[in-house]
Amino acid sequence: TTGQPKGAMLTHDNLVFDAAACAVAIDVNENDVFGTVLPLFHSFGFTVTLWLPLIGQFLVITTPSPFDLSRNIQAIREENINILIGAPTFLRPYIKRAEPHSIPSVRCVVSGAEKTPAGFGELWESHFGNHYLEGYGLTETTPVMGVNLPPRDGLVFGQWNRRGSIGRLLPGQAIRIVDPDTGEDLGYDQQGLLHVKGVNVFNGYLDNPKETAEVLKDGWLNTGDLARLDKDHFLYIDGRLSRFSKIGGEKVPHGTIESAILKVLGMKEGDTEKPLFVVAGRRDKVKGESLVLLSTIDIDMHHLRDCLHKEQGLPNLWAPRVLKRIDAVPLLASGKFDLRAIQKLAAED
């Protein structure tokens with residue numbers, strides 16, 4: 001998402017371990033039916049919707065397009081799909097256009113590939129009445145590192161699921177949170193760069209020792225994500241380091257600003273099937289970076305800045321000063337922001 005594509009070398013050990021760990025964590029059995037629209041070129045689709053069903057010996061139903069809602073609902077109803085696998089971008093159309101009773105067989109949805117927007121899980125559960133389980137991973141970790149778990153006999157939902165977190169780690173892994181500037185190990189509830197070591201960590205990038213050495217040192221993978229670990233060992237992902245700007249020495253999160261802009265506009269996550277805008281940083285001679293709002297809609301920037309400060313409580317430093325109209329927010333086929341294309345648009349005059 002941030003540069004030229006790289007070939008992450010995943011071994012058989014990586015794939016078998018991660019698929020088997022997912023099977024144990026999600027508590028799947030041969031009677032389960034998975035439903036998915038994830039492409040197999042994506043590591044989430046490759047591991048979770050190809051190898052996991054083969055190892056777990058259960059049925060998986062695939063449909064060609066995440067945005068063909070009528071066909072997807074038809075597949076869920078006809079095949080009695082009870083575990084729906086997807087990403088927030090692909091799940092938004094369900095909330096926007098599907099009736100609450102339209103997917104009665106689904107007992108939970110497992111979401112990954114991108115961070116769940118604030119409030120989206122609650123919105124899904126109130127609309128459909130089944131559980132929304134957020135997970136997290138990277139291609140380099142085959143990909144699943146952790147996931148919130150569904151309730152099971154003898155356990156209440158909150159013991160294995162914590163809203164806003166990505167759950168606890170799958171077994172066989174270790175993590176550390178380090179200061180992005182000094183590399184010093186940080187403690188519980190402190191935000192820093194997430195490093196991981198485990199059976200599911202890849203061997204490196206194909207024919208690219210330089211890139212490999214930058215992210216993989218002594219077996220520890222630098223994920224590039226800012227994260228926090230609470231004392232109950234639930235992991236919280238605050239976003240890509242590349243989705244933060246450093247302005248006047250202060251770290252400014254793009255995602256937080258985007259959520260606040262939605263509130264100013266009287267909208268919430270899930271109201272639109274595709275994002276209307278995105279915040280990006282570009283170089284600034286005085287402050288190091290400045291914020292640009294790339295938007296598909298017209299926005300009164302003076303009014304927006306005023307509301308972000310007075311209504312949403314954001315520092316003036318966090319309010320974008322430049323609006324740039326675009327036809328569409330660049331997205332990858334996986335539904336994630338195309339950060340490389342976004343940065344290019346933001347840098348243009």
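Bear in mind the structure is a predicted one, so any value in this text is a computation, not a measurement.
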Peer 1: Enter the distance from Glu184:CD to Leu186:CG here, rounded to the nearest 0.5 Å.
Peer 2: 6.0 Å

Peer 1: How close do His127 and Glu99 get, heavy atom to heavy atom, and via which atoms?
Peer 2: NE2-C, 4.1 Å

Peer 1: Could you tell me whether Lys197 and Asp218 make a salt bridge, using a distance below 4.0 angstrom between a side-chain N and a carboxylate O?
Peer 2: no

Peer 1: Applying the 4.5 Å side-chain criterion to the ILVMFWY set and letting contacts propagate, would Val215 and Leu10 be lumped into a single cluster?
Peer 2: yes

Peer 1: Within a radius of less than 6.0 Å around CZ of Arg97, do more than 12 heavy atoms belonging to other residues, nucleotides or ligands occur?
Peer 2: yes

Peer 1: Within a 6.0 Å radius of atom CG on Asp232, are there more than 12 heavy atoms belonging to other residues, nucleotides or ligands?
Peer 2: yes

Peer 1: Could you walk me through whether Glu125 and Arg163 pass the salt bridge (charged side-chain N to carboxylate O under 4.0 Å, His left out) check?
Peer 2: CA-CA 12 Å; Glu125 291 183 352; Arg163 186 68 68 204; 2.8 Å; yes

Peer 1: Less than 3.5 Å apart, any donor N or O on the side chain of Gln173 or Asn200 sitting next to an acceptor on the other?
Peer 2: yes

Peer 1: In Å, rounded to the nearest 0.5 Å, how long is the span from CD1 of Ile81 to CG of Asp32?
Peer 2: 11.5 Å

Peer 1: On a heavy-atom basis, which atom in Leu170 and which in Ala21 lie closest, and how many Å separate them?
Peer 2: CD1-CB, 3.8 Å

Peer 1: Considering all heavy atoms of both residues, which atom of Ser102 and which atom of Ile73 are nearest to each other, and what is their separation?
Peer 2: O-CG2, 3.7 Å

Peer 1: Between Glu348 and Lys324, does any side-chain N to carboxylate O distance fall below 4.0 Å?
Peer 2: yes

Peer 1: Do Tyr236 and Gln191 have a side chain donor and acceptor closer than 3.5 Å?
Peer 2: no

Peer 1: Under 30°, 30 to 60°, or over 60°: which ring-plane class applies to Tyr94 and Phe128, parallel, tilted or perpendicular?
Peer 2: perpendicular

Peer 1: Quick check: do Pro320 and Val322 have side-chain heavy atoms less than 4.5 Å from each other?
Peer 2: no

Peer 1: Testing the 3.5 Å rule here: is there a donor-acceptor pair between the side chains of Asn130 and Trp124?
Peer 2: yes

Peer 1: Would Thr141 and Val196 count as a side chain to side chain contact (heavy atoms under 4.5 Å, CB included) here? Give the steps.
Peer 2: CA-CA 9 Å; Thr141 57; Val196 60; 3.9 Å; yes

Peer 1: Ignoring hydrogens and angles, state whether a donor on the side chain of Tyr132 or Asn148 is under 3.5 Å from an acceptor on the partner side chain.
Peer 2: no

Peer 1: Quick one, Leu133 with Val110, criterion side chain to side chain contact (heavy atoms under 4.5 Å, CB included). Give me CA distance, side-chain angles, the key distance, then yes/no.
Peer 2: CA-CA 5 Å; Leu133 308 172; Val110 181; 4.2 Å; yes

Peer 1: Answer yes if Val147 and Leu50 sit in the same cluster of Ile, Leu, Val, Met, Phe, Trp and Tyr residues linked by side chain heavy atoms under 4.5 Å apart, and no otherwise.
Peer 2: no

Peer 1: Can Met145 and Leu169 be said to form a side chain to side chain contact (heavy atoms under 4.5 Å, CB included), step by step?
Peer 2: CA-CA 6 Å; Met145 283 178 56; Leu169 293 178; 4.1 Å; yes

Peer 1: Counting only heavy atoms not in Trp51 (residues, nucleotides, ligands), do more than 12 fall under 6.0 Å from its CH2?
Peer 2: no

Peer 1: Quick check: closest heavy atoms across Thr116 and Gly121, and the distance to 0.1 Å?
Peer 2: CG2-N, 4.1 Å

Peer 1: Atom CD1 of Ile299 and atom CZ of Arg325: how far apart are they, to the nearest 0.5 Å?
Peer 2: 8.5 Å

Peer 1: Could you report the tightest heavy-atom contact between Leu345 and Pro330, atom names first, then the distance?
Peer 2: CD1-CG, 3.7 Å

Peer 1: Taking Leu317 as the starting point, is it possible to reach Val264 by hopping between hydrophobic residues whose side chains are less than 4.5 Å apart?
Peer 2: yes

Peer 1: Among Val48, Asp18, Val199, Val201, which one satisfies side chain to side chain contact (heavy atoms under 4.5 Å, CB included) with Thr142?
Peer 2: Asp18

Peer 1: Tell me whether Leu216 shares a hydrophobic cluster with Ile177, the cluster being built from Ile, Leu, Val, Met, Phe, Trp, Tyr side chains joined at under 4.5 Å.
Peer 2: yes

Peer 1: If only atom types and distance count, is the side chain of His195 paired as donor or acceptor with the main-chain N or O of Ile175 below 3.5 Å?
Peer 2: no

Peer 1: Where do Ser105 and Asn82 land on the side chain to side chain donor-acceptor pair (under 3.5 Å) test, with the steps shown first?
Peer 2: CA-CA 5 Å; Ser105 63; Asn82 59 355; over 6 Å; no

Peer 1: With a 4.5 Å cut-off on side-chain heavy-atom distances among I, L, V, M, F, W and Y, is there a chain of contacts connecting Leu323 to Phe277?
Peer 2: yes

Peer 1: Tell me, with the steps shown, if Asp338 and Leu331 meet side chain to side chain contact (heavy atoms under 4.5 Å, CB included).
Peer 2: CA-CA 5 Å; Asp338 185 342; Leu331 299 175; 5.8 Å; no

Peer 1: Roughly how far, to the nearest 0.5 Å, is OH of Tyr205 from CD of Glu214?
Peer 2: 9.0 Å

Peer 1: Measure the OG1-CE distance between Thr212 and Met9 for me, rounded to the nearest 0.5 Å.
Peer 2: 6.0 Å

Peer 1: Can you tell me how far the CG atom of Leu226 sits from the CD1 atom of Ile237, to the nearest 0.5 Å?
Peer 2: 9.0 Å

Peer 1: Testing the basics here: between Ala98 and Leu69, what is the closest heavy-atom pair and its distance to 0.1 Å?
Peer 2: N-CD2, 4.1 Å

